[in-house]
Every structure is written in structure tokens, then in C-alpha cells.
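Okay, so here's the structure we're looking at.
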Amino acid sequence: MSDSQSRILITSALPYINGVKHLGNLAGSMLPADVYARVMRLLGHDVLYICATDEHGTPAELAAAEAGMAVAEYCALMHEKQREAGAAFDLSYDWFGRSSSEATAKLTQQFSATLEQNGLIEARISKQVYSNADGRYLPDRYVEGTCPNCAFEKARGDQCDNCGKLLDPIDLIDPYSSVSGSHDVEVRETEHLYLKQSEMSDKLRVWVEAQTSWPPLATSIALKWLDEGLRDRSITRDLDWGIPVVDMDGNQRAGFDGKVYYVWFDAPIAYIGATQDWAADTGGDWARWWRTDQGADDVTYVQFMGKDNVAFHTLSFPTTLMGANLEEEGEPWKLVDTLKAFNWVTWYGGKFSTSNKRGVFMDQAIALAPSDCWRWHLMANAPESSDAAFTWEEFQASVNSDLANVLGNFVNRITKYTVSKFDGQVPDGGVSGGHEDWIIAEVSTRLPLMIALFEAREFRKALGEMRAIWAAGNEYLTRAAPWTHYKTDVDQAAVGVRMGLNLVSLFGIIAQPIIPRAAKSILDAMNIPEAHRNWSSFDGWANGLPVGLPVAAPDVLFAKIEDTQIEDWTEQFGGDAEVQS
RNA sequence: GGUGAGGUAGCUCAGCUGGUUAGAGCGCAGGACUCAUAAUCCUGAGGUCGAGAGUUCAAGUCUCUCUCUCACUACCA
């Protein structure tokens with residue numbers, strides 16, 4: 001357990017705007033960030049959890065066009081939908097912003113100007129495919145054609161799906177736009193700004209190698225890119241929707257009409273922009289979280305992301321931040337201290353995919369089962385060490401066994417018994433004995449371990465301990481068997497019931513970050529005051545409830561998932577062979 | 001092709017710097033209990049740790065070869 005309060009800045013990778021996110025996105029960044037934020041708050045830390053929708057880029061424009069809407073309108077709508085989806089899953093953002101906000105635009109332009117002043121940005125000419133029919137430049141993968149290697153006719157401009165060879169769209173035979181299907185495409189020269197990451201690679205390597213709290217996945221990806229030699233990255237695109245490009249003085253850049261910053265340049269800056277929006281809305285001080293010369297030196301910054309985002313968070317964004325601080329009078333920005341990278345949740349052998357509409361999406365999931373069920377299952381099976389398979393059967397087992405049987409039934413059995421035999425009050429009398437010593441010892445070894453695992457962001461294991469604590473409660477009741485003693489010695493039975501009720505309270509308190517709704521039901525039924533629901537100290541938990549405290553049996557906490565539902569969902573969401581493509 | 005991750009009980013996964021009979025949950029079988037959402041508790045059966053070779057007194061754990069899966073590969077984000 002942490003002895004001291006600290007300030008913790010948490011961000012989860014920005015969900016892209018082109019649709020409600022699937023369970024893989026939820027499990028790989030937003031949900032673990034939320035759980036971590038909740039745990040840290042309960043431990044008494046000062047937490048700021050920031051997220052936002054990532055709204056720029058070609059897919060946003062195309063999705064808007066498909067929906068027959070203006071991009072800005074589409075993004076506003078989808079932002080709202082994602083906000084609702086997040087709220088439905090009880091994601092406790094302190095701020096859920098938008099990368100299209102004024103603040104982010106200003107910051108992005110400021111970073112661009114500063115980086116250019118520091119010699120880290122330069123304009124270069126590159127070749128890009130332009131589609132006359134679409135009236136737009138096409139990112140590589142939106143160009144299709146015949147593979148020069150294997151003659152596959154639907155090879156994408158970045159890679160051939162048939163032979164797997166990496167391609168350049170210029171090499172495709174008979175190229176066409178995958179947006180419109182038009183063959184009226186040509187290669188044009190276009191000017192773009194490049195971020196000279198190569199010049200920062202020594203600094204980055206020193207910084208990366210100094211990190212001790214990154215998971216191996218993150219370190220190995222970052223070092224791999226450094227080992228291969230960091231390439232300069234183009235940070236502008238030929239698009240209308242985005243942040244206008246400025247020159248070194250911060251004015252609209254000559255010759256860059258119709259160009260905007262690349263979404264991956266401005267997206268992480270949106271972490272800061274969203275914090276500014278939070279500050280403007282709440283009266284908070286954004287600089288105290290982001291500028292080490294303005295109070296952020298005592299902040300611990302923790303990022304959550306999927307493994308596809310690691311390079312951007314460990315190299316590109318740090319280049320932006322460090323590159324703005326090269327001068328004596330530079331801008332000392334807060335760099336990430338520790339990060340947690342997740343693998344994928346896989347869906348019956350393949351990936352979840354937003355664009356292919358594969359898998360279960362947040363809005364669909366919430367219609368099937370309460371958010372607590374998803375939160376528990378996804379975190380108990382988080383893809384921490386490798387990709388993790390989602391199956392309906394496992395989901396059912398998580399809900400029915402862990403939540404309904406082990407936790408829900410425990411709460412139910414002891415509260416109902418209290419109501420029927422002890423007037424619905426925490427009973428007095430009796431003397432503790434060996435069984436109580438046993439459960440106290442059990443909890444006192446498992447509880448600190450569980451907290452340490454949460455602090456280390458080892459969610460699977462932390463939830464394993466939580467479950468073990470719940471299960472120990474059931475074992476305790478079996479040992480203490482108050483219903484047996486009740487026949488001959490009510491005081492002896494009271495000992496077991498009292499301990500059982502204190503366990504219910506404890507279980508509710510520790511469950512809050514994972515299953516906030518059920519936890520609240522439990523704690524409300526137990527009449528636990530708000531002030532006693534935090535994790536600041538668990539000392540004395542075994543006698544925490546005052547004798548005579550009225551307790552009620554909460555409604556059924558978790559309804560079981562029936563086999564027929566699993567059959568229906570399997571049918572409804574595929575989940576089998578036919579989705580393989 | 002390159003790089004990385006992974007292949008451990010029927011299923012989903014733990015197994016740190018090599019060290020007694022390889023673990024957990026689910027599922028399954030048997031038993032106990034009856035307070036409880038037919039819930040809970042106990043016991044048990046299940047593994048030549050992807051294949052092969054090597055290093056070592058000792059290898060799931062280190063080395064090499066092979067094989068299968070997945071991801072990334074910089075203009076999708």
C-alpha cells in the first residue's frame with residue numbers, strides 16, 4: 001500500500017472516431033485505465049484521468065461521407081455516441097474531450113512552430129497517389145491494384161494480402177482508388193512537413209533505456225524501432241479535415257492550403273489539449289499536470305494503450321515533447337513515467353475489427369449484459385501477456401461463477417440470514433475463535449497482495465486475488481456454520497454472522513473499481529457511509545461494523561446468463577467460422 | 001522477407017534470475033452441507049510443458065534447429 005498521496009496523470013489511448021469501439025478497444029486501454037484510476041483514487045491519490053476522441057484523418061472523412069454528413073457534424077455525433085458508450089460502461093474520465101478542440105489545435109500549431117525553430121521540422125517533397133474522381137490524395141492502403149509480385153488483383157498499396165509482400169502504391173499494376181473504384185489516379189508531388197525523429201534518436205534511446213517500469217512489450221517495440229534507425233516521419237497530410245499547418249512564426253503556412261497535420265501528430269497532443277479543456281471547465285490548473293516547471297514535477301504519468309500504439313507513445317510523442325525543450329528557455333513538458341501496453345482480445349481466432357464490423361461492440365454488449373459483467377470478465381481475462389481469446393462460454397462462466405455464485409450468493413446468503421434470524425441488524429455476542437483467526441489471516445495476506453498487484457497494473461492477477469478473497473468468505477461460512485450453532489448457541493452463531501457481514505462490507509469495498517454498480521448496491525444495503533468506502537486503511541475491517549447497524553439483503557446482484565442466451569448470442573454475433581475472411 | 005510475442009491439463013491462462021511429486025479458475029466425477037441466486041465447501045481424475053538435439057548433477061525454465069499461431073513493419077489509426 002502506498003503510504004503517501006501522490007498525483008497521478010492517467011491517459012488511455014484515444015479511441016478513433018469512426019464508430020463505437022469494440023470490446024478489444026475497451027479491454028486494451030479505456031477500461032484498464034479506468035480501473036487503475038479508480039484504484040488510485042480509493043487509495044487516496046490525486047488522480048486526473050483524461051481521454052478524448054481522435055477525430056482527424058482519412059477514415060473520419062470517408063466514414064462521414066458514407067453517412068452522408070459533413071465531417072464536423074459526423075464527428076460531433078460520433079463523439080456523443082462514444083461518450084454515451086463510455087458512460088454506459090462507467091468509465092470514470094475526469095474529462096472526455098475531442099482532438100478537434102480549439103485547445104488541441106492551438107497546442108499542435110505551437111508545438112509545430114517550436115519544433116521548427118529548434119530545427120526538428122523540415123519541409124520535403126514526396127510522391128503520393130491522387131485520385132481525380134475522389135478529388136483527394138489517397139493514403140497507401142486506399143490504393144489497390146494488381147500485385148507486381150504475385151499478380152493478386154486486390155493488393156493494397158501498403159501490402160499485398162495474398163503474398164504478404166510490402167508494397168509501394170507506385171509499384172501496383174493498374175492501380176485504382178478503393179474509395180470510388182476509379183482508375184483515374186495519378187502520382188503527384190506534394191510538399192509535407194517532416195519531424196526529424198532521427199535527430200532525437202540518441203536522446204530517445206537514453207530515455208527509453210532508463211525506464212524501469214515499462215512492460216517488456218513496450219520496451220522491446222521501442223528499442224526495435226531505435227535499433228532499425230528512427231526514420232523521419234511526415235506530420236502533415238493532404239486533407240481538409242484537421243488542424244491547419246503553420247510556419248515557424250505560427251502563421252498559416254504558405255503553400256499548405258488543403259493540408260493539415262497528420263492525425264498522429266495531433267492525437268497525443270490532444271491529451272494536453274483535453275486537459276486544458278478540463279481546466280477551463282472545472283477551474284483546474286492544466287499546467288500543474290503537464291509542465292514540470294509549473295508544478296508537474298511531482299506528477300506520475302501513466303499511459304494505457306494497445307500494442308499498436310506503443311511506438312507513437314514511446315517515440316513519436318516523446319520526440320514532440322522533448323523536441324520542444326532543447327533550448328535553455330525551452331518548455332519542459334511532462335513525459336510518460338510508466339505505461340501499460342495490452343495485446344489484443346481475439347474473437348474466435350481472428351481480430352476484432354471496427355472497419356470490418358467483426359466482434360462485439362460496446363453499444364451491443366451493454367444491451368446484452370450489465371456493465372459490471374463486462375468489466376469483470378474483460379479485466380479478469382485482460383490481454384496482458386499475450387493475445388487473449390474471447391468466447392461466450394468464458395464470459396458466461398465469469399458472470400455465473402465468479403460474480404453470481406461466489407460473490408453475489410455470498411452477499412445474499414449472509415444478509416438474508418441476518419434479516420431472518422437477527423432482525424436485520426449486526427448482532428452482538430459471542431467470542432471469536434479459530435475460524436475467525438483463519439479468515440483474518442487469509443485476508444491479511446491476500447489483501448495487500450491484491451493492492452500491490454493493482455498498483456503494478458497486473459490486472460489479471462489482482463482480480464484473481466480478489467476472487468480468492470471472495471471465495472475465502474464462503475469457506476469461512478462453511479467452517480463457522482452459524483446456522484448449525486444457532487440451534488444451540490445463538491451467541492456463537494452471532495460471531496459467524498457478524499464476521500460474515502463484515503466480509504460483505506469488505507467485499508463491496510474492494511470490488512468498487514471493477515464492478516462499481518454492484519459494489520454500490522452492496523455497500524448501500526450494508527449502510528456503509530461514503531467516508532468509509534475508500535482504501536486508505538483496512539485495519540480493523542473484521543470488526544468495522546457497529547453492533548446494531550441495520551443491514552438489508554440487496555436485490556439479486558448478478559442475474560445468471562442462461563445457456564439459451566449464449567446460444568442466441570453466438571448465433572447473433574457469428575463468433576464462428578463464417579466471419580473468417 | 002525483417003522484427004517481436006506466443007504455442008503448458010477438455011477450455012482460458014499462471015509458472016521470477018534452471019532445483020523436491022508442473023499450478024489456478026472454469027468444466028468433469030464423487031462426497032459434505034442446507035444459511036443462500038440447485039448456490040457453497042471438501043476430495044479426485046485429467047498434462048511425455050509444440051517437435052528434435054544440446055549444455056548441466058538438474059530444463060517448462062538456458063542454447064541451436066524445425067514447426068504452427070498472432071502482431072508490428074513507419075501514408076489505417
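Only this structure's heavy atoms are used, side chains among them; waters, hydrogens and symmetry mates stay out. Proteins come first, then strands; the chains are lettered A, B, ... in the order of their sequence lines, and each starts at number 1.
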(message) Counting only side-chain heavy atoms from C-beta out, which of B/G25, B/C35, B/A77 sits nearest to A/Asp402?
(response) B/G25
For [X], answer base if it contacts any base atom (sugar-phosphate contacts may also be present), sugar-phosphate if it contacts only those atoms, and nothing otherwise; contact means non-hydrogen atoms under 4.0 Å.
X	value
A/Gly229	base
A/Lys421	nothing
A/Gly57	sugar-phosphate
A/Asn343	nothing

(message) For a stem of at least 3 consecutive Watson-Crick or G-U pairs with distances under 3.5 Å, i pairing with j, i+1 with j-1 and so on, which stems involve RNA chain B?
(response) B:1-7 with B:67-73, B:10-13 with B:23-26, B:28-32 with B:40-44, B:50-54 with B:62-66
(message) Salt bridge or not between A/Arg517 and A/Asp372? Use side-chain N to carboxylate O under 4.0 Å.
(response) no
(request) May I ask you to check whether A/Phe390 and A/His377 place their ring centres under 6.0 Å from each other? (result) yes
(request) Can you spot which of A/Ile17, A/Val263, A/Asn18, A/Asp266 makes a side-chain contact (heavy atoms from CB on, under 4.5 Å) with A/Glu55? (result) A/Ile17
(request) Would you classify B/G46 as syn or anti? Syn applies when the glycosidic angle is within 90° of 0. (result) syn
(message) When you compare the ring of A/Tyr417 with the six-membered ring of B/C35's base, are the centres less than 5.5 Å apart and the planes under 30° from each other?
(response) no
(message) Looking at A/Tyr476, I'd like to know whether one of its side-chain N or O atoms comes within less than 4.0 Å of OP1 or OP2 on B/C41.
(response) no
(message) Looking only at the side chains, is there a donor atom on one of A/Lys560 and A/Asn400 sitting less than 3.5 Å from an acceptor on the other?
(response) no
(message) Can you tell me how the ring of A/Tyr486 sits relative to the ring of A/Tyr417, calling it parallel under 30°, perpendicular over 60° and tilted otherwise?
(response) perpendicular
